[in-house]
Asks: 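Sharing a structure with you now.
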There are 2 protein chains.
Amino acid sequence: MVGNLSALRDPESTRVALMTAATELFAQRGFSGARTEEIARRAGVNKAMISYHFGGKAGLYETILVSSLTHITERLRALVASNLPPDRLLSALLAALVELHRARPALSAMMLREAMSGGAHLSDAALPHFVKVFGMVREIVDRGVRSGIYRPVDPLLTHLTVLGSVLFFFATTPMRERLFREGRLASARAPTPERFIEHLEDLLSRGLAADDPTRRTEP
Amino acid sequence: MVGNLSALRDPESTRVALMTAATELFAQRGFSGARTEEIARRAGVNKAMISYHFGGKAGLYETILVSSLTHITERLRALVASNLPPDRLLSALLAALVELHRARPALSAMMLREAMSGGAHLSDAALPHFVKVFGMVREIVDRGVRSGIYRPVDPLLTHLTVLGSVLFFFATTPMRERLFREGRLASARAPTPERFIEHLEDLLSRGLAADDPTRRTEP
DNA sequence: GTCTATAGGCTGATAGAC
DNA sequence: GTCTATCAGCCTATAGAC
């Protein structure tokens with residue numbers, strides 16, 4: 001029998017609600033700027049649940065980041081493992097990034113903030129998860145280069161360009177939305193993720209294309 | 001006559017020292033994460049000077065952003081005003097960004113953080129300065145398009161790609177430096193701003209080039 | 001598991017002397 | 001202009017009831 005109304009709530013739903021609300025606030029205000037009271041209020045649960053379920057604000061923060069990075073890594077690993085022709089890998093990567101963004105729009109800003117902090121809020125155990133994503137994207141770019149459809153660009157630099165522009169676009173959405181809402185950028189069309197990714201894909205396919213149309217076979 | 005040792009310090013140098021130290025801390029830890037006590041200590045001045053010279057932490061923050069944005073806008077305006085041939089404008093823009101980065105390496109992260117906050121720490125008076133930079137870069141890209149050396153790309157989207165990847169690269173330097181220092185990215189060469197910009201310039205000149213080599217004249 | 005009430009620490013700001 | 005000493009407010013964490 002259910003003893004009271006609050007018992008109707010699944011404990012797991014409390015965790016999820018807290019993580020969802022916290023992601024948005026950490027993204028918008030940073031680790032120090034996010035208030036536990038507001039996280040709890042937005043999640044519709046009690047403030048004390050943060051300590052109970054995550055051991056505190058820092059635990060909640062790291063839990064979000066590690067679980068998200070694990071999810072992203074698995075998603076990208078599936079991409080690399082797929083037998084997609086090399087010239088489709090980049091498109092698939094960008095599509096995956098949009099898809100991941102749709103599921104958690106605030107994650108880009110949260111990750112970007114952490115990168116700018118040099119990983120100051122992460123335990124030693126969490127840092128490798130961060131590195132994995134970097135390696136993953138680089139690997140995908142690298143395959144395109146090795147297959148010969150791309151000119152011999154530096155995989156790390158290319159990775160930084162691609163992931164950087166995408167994360168920047170996603171993470172600065174709040175600012176753009178505000179500027180458009182207030183009519184300060186009225187002259188331009190509001191850019192959607194789709195339009196941006198299409199633009200970037202175009203830019204990359206032209207910018208990375210091998211000079212010589214003759215393609216080497218997979219090594 | 002100089003009354004005491006502390007009078008040897010130019011009041012302007014106090015302001016500059018505070019702004020320099022604060023830029024680094026705001027960049028690294030965000031507005032809320034930066035501590036006034038630490039800003040003052042790193043600047044080598046007394047904590048109370050923040051209130052005296054800037055009216056408080058928020059005033060110091062906004063002063064830094066507005067003065068930096070003003071400087072950047074003027075630098076870019078000079079670029080647009082110059083009679084550089086359109087096919088050199090982008091190179092000059094990127095060179096200017098590197099130069100600005102050298103003068104204040106922490107500024108990218110501070111601006112990026114503010115953009116992710118949607119301008120929450122800026123007064124209404126400061127927001128237009130932010131918008132101006134966006135318009136400036138877009139204008140430069142636009143000239144390349146209008147002159148016909150670039151294909152008809154969307155100026156705003158191109159602006160976001162260019163500025164986004166550059167700001168991302170600069171702002172995440174702390175994370176990369178840490179990863180290289182700890183040997184977690186040992187496989188790759190540490191990317192310098194020069195190498196990155198060269199890579200980006202290459203990517204853009206190929207990615208933006210007009211399909212038709214016939215160039216239209218300036219309208 | 002959840003909630004209320006409270007404690008304890010930290011932080012930004014300033015009054016007032018120099 | 002600068003410094004010292006102090007304060008008031010805020011914020012996280014938790015003890016203890018349910």
Side-chain angles (χ1 to χ4, degrees), chain A residues 1-26 28-65 117 120-123, chain B residues 1-26 28-65 110 113 117 120-123:
Chain A
M1 269 316 230
V2 173
N4 57 34
L5 275 174
S6 62
L8 287 173
R9 157 154 280 165
D10 179 357
E12 185 59 22
S13 83
T14 298
R15 292 175 56 94
V16 171
L18 279 172
M19 289 172 71
T20 304
T23 303
E24 284 171 20
L25 283 166
F26 284 139
Q28 218 164 87
R29 317 207 179 146
F31 178 80
S32 305
R35 301 289 159 230
T36 55
E37 188 277 334
E38 190 173 2
I39 293 173
R41 180 156 39 81
R42 284 210 205 176
V45 308
N46 191 277
K47 202 174 60 155
M49 292 299 94
I50 294 175
S51 291
Y52 180 78
H53 285 287
F54 301 97
K57 186 186 186 178
L60 171 58
Y61 183 87
E62 180 159 317
T63 301
I64 292 171
L65 237 31
S117 299
H121 308 105
L122 297 179
S123 67
Chain B
M1 267 313 230
V2 173
N4 56 35
L5 275 173
S6 62
L8 287 173
R9 158 154 279 166
D10 178 359
E12 186 59 24
S13 83
T14 297
R15 292 176 56 94
V16 171
L18 279 172
M19 289 173 71
T20 304
T23 303
E24 284 171 22
L25 283 166
F26 283 140
Q28 219 164 85
R29 317 208 179 146
F31 178 79
S32 306
R35 302 287 158 230
T36 54
E37 188 277 333
E38 191 173 2
I39 293 173
R41 181 157 37 82
R42 286 211 204 174
V45 308
N46 191 278
K47 201 174 60 153
M49 292 299 95
I50 295 174
S51 291
Y52 180 79
H53 285 288
F54 302 97
K57 187 186 187 180
L60 172 57
Y61 183 87
E62 180 159 317
T63 302
I64 292 171
L65 237 30
M110 196 175 157
R113 281 196 133 103
S117 300
H121 309 106
L122 298 179
S123 66

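Keep in mind it's a predicted model, so treat the numbers as computed, not measured. So that the names make sense, note that chain A is the first sequence line, chain B the second, and so on, each numbered from 1.
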Asks: Find the distance I50(B):CD1 to dC3(D):P and express it as a whole number of Å.
Replies: 12 Å
Asks: Does any N or O in the side chain of R15(B) come within less than 3.5 Å of the main-chain N or O of H53(B), such that one atom is a donor and the other an acceptor?
Replies: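 Present.
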Asks: Could you state the CG-P distance from L60(B) to dT11(C), rounded to the nearest angstrom?
Replies: 17 Å
Asks: More 5' along DNA chain C: Y52(A) or S51(B), using each one's nearest nucleotide?
Replies: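 Residue closer to the 5' terminus by nearest nucleotide: Y52(A).
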Asks: In whole angstrom, give the distance that lies between atom CZ of R15(A) and atom P of dT2(C).
Replies: 11 Å
Asks: Sequence neighbours left out, what passes salt bridge (charged side-chain N to carboxylate O under 4.0 Å, His left out) with E37(B)? Give chain and number order.
Replies: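 Applying salt bridge (charged side-chain N to carboxylate O under 4.0 Å, His left out) to E37(B) gives R41(B).
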Asks: Atom CD of E12(A) to atom P of dT2(C): distance rounded to whole Å?
Replies: 11 Å
Asks: Could you tell me the separation between the CZ atom of R29(A) and the P atom of dC11(D), rounded to a whole number of Å?
Replies: 11 Å
Asks: Using whole Å, report how far NE2 of H53(A) lies from C1' of dT12(D).
Replies: 17 Å
Asks: What nucleotide, of dG1(D), dA13(C), dT12(D), holds the atom closest to the side chain of T36(A)?
Replies: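 The answer is dT12(D).
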Asks: It should be established whether T14(A) places a side-chain nitrogen or oxygen under 4.0 Å from OP1 or OP2 of nucleotide dT2(C).
Replies: yes
Asks: Mind checking what makes salt bridge (charged side-chain N to carboxylate O under 4.0 Å, His left out) contact with R29(A), not counting sequence neighbours?
Replies: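 Once residues adjacent in sequence are excluded, the partners of R29(A) under the salt bridge (charged side-chain N to carboxylate O under 4.0 Å, His left out) criterion are E38(A).
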Asks: When the ring planes of Y61(A) and H121(A) are compared, do they come out parallel, tilted or perpendicular, using 30° and 60° as the limits?
Replies: perpendicular
Asks: Please list, for nucleotides 5-8 of chain C, all pairs of protein and nucleotide N/O atoms separated by less than 3.5 Å.
Replies:
none

Asks: Quick one: are Y52(A) and N46(A) in side-chain contact, heavy atoms under 4.5 Å?
Replies: no
Asks: In whole angstroms, how far is the C1' atom of dT12(D) from the CG atom of L18(A)?
Replies: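 Computing the L18(A):CG to dT12(D):C1' distance gives 14 Å.
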Asks: Of the options dG12(C), dA13(C), dT12(D), whose atoms approach the side-chain atoms of K57(A) most closely?
Replies: dT12(D)
Asks: May I ask you to say what A34(B) touches in the nucleic acid, namely base, sugar-phosphate or nothing, with a heavy-atom cut-off under 4.0 Å?
Replies: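 It contacts sugar-phosphate atoms only.
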Asks: Rounded off to whole Å, could you give me the CD-to-P distance for the E37(B) and dT14(C) pair?
Replies: 18 Å
Asks: Just checking, is any N or O donor in the side chain of S117(A) or R113(B) under 3.5 Å from an acceptor N or O on the other one?
Replies: yes
Asks: In terms of side-chain heavy atoms of R35(A), which of dA13(D), dT12(D), dT2(D) is nearest?
Replies: dT12(D)
Asks: To the nearest 0.5 Å, tell me how far L18(A) CG sits from L60(A) CG.
Replies: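 Here the interatomic distance stands at 6.5 Å.
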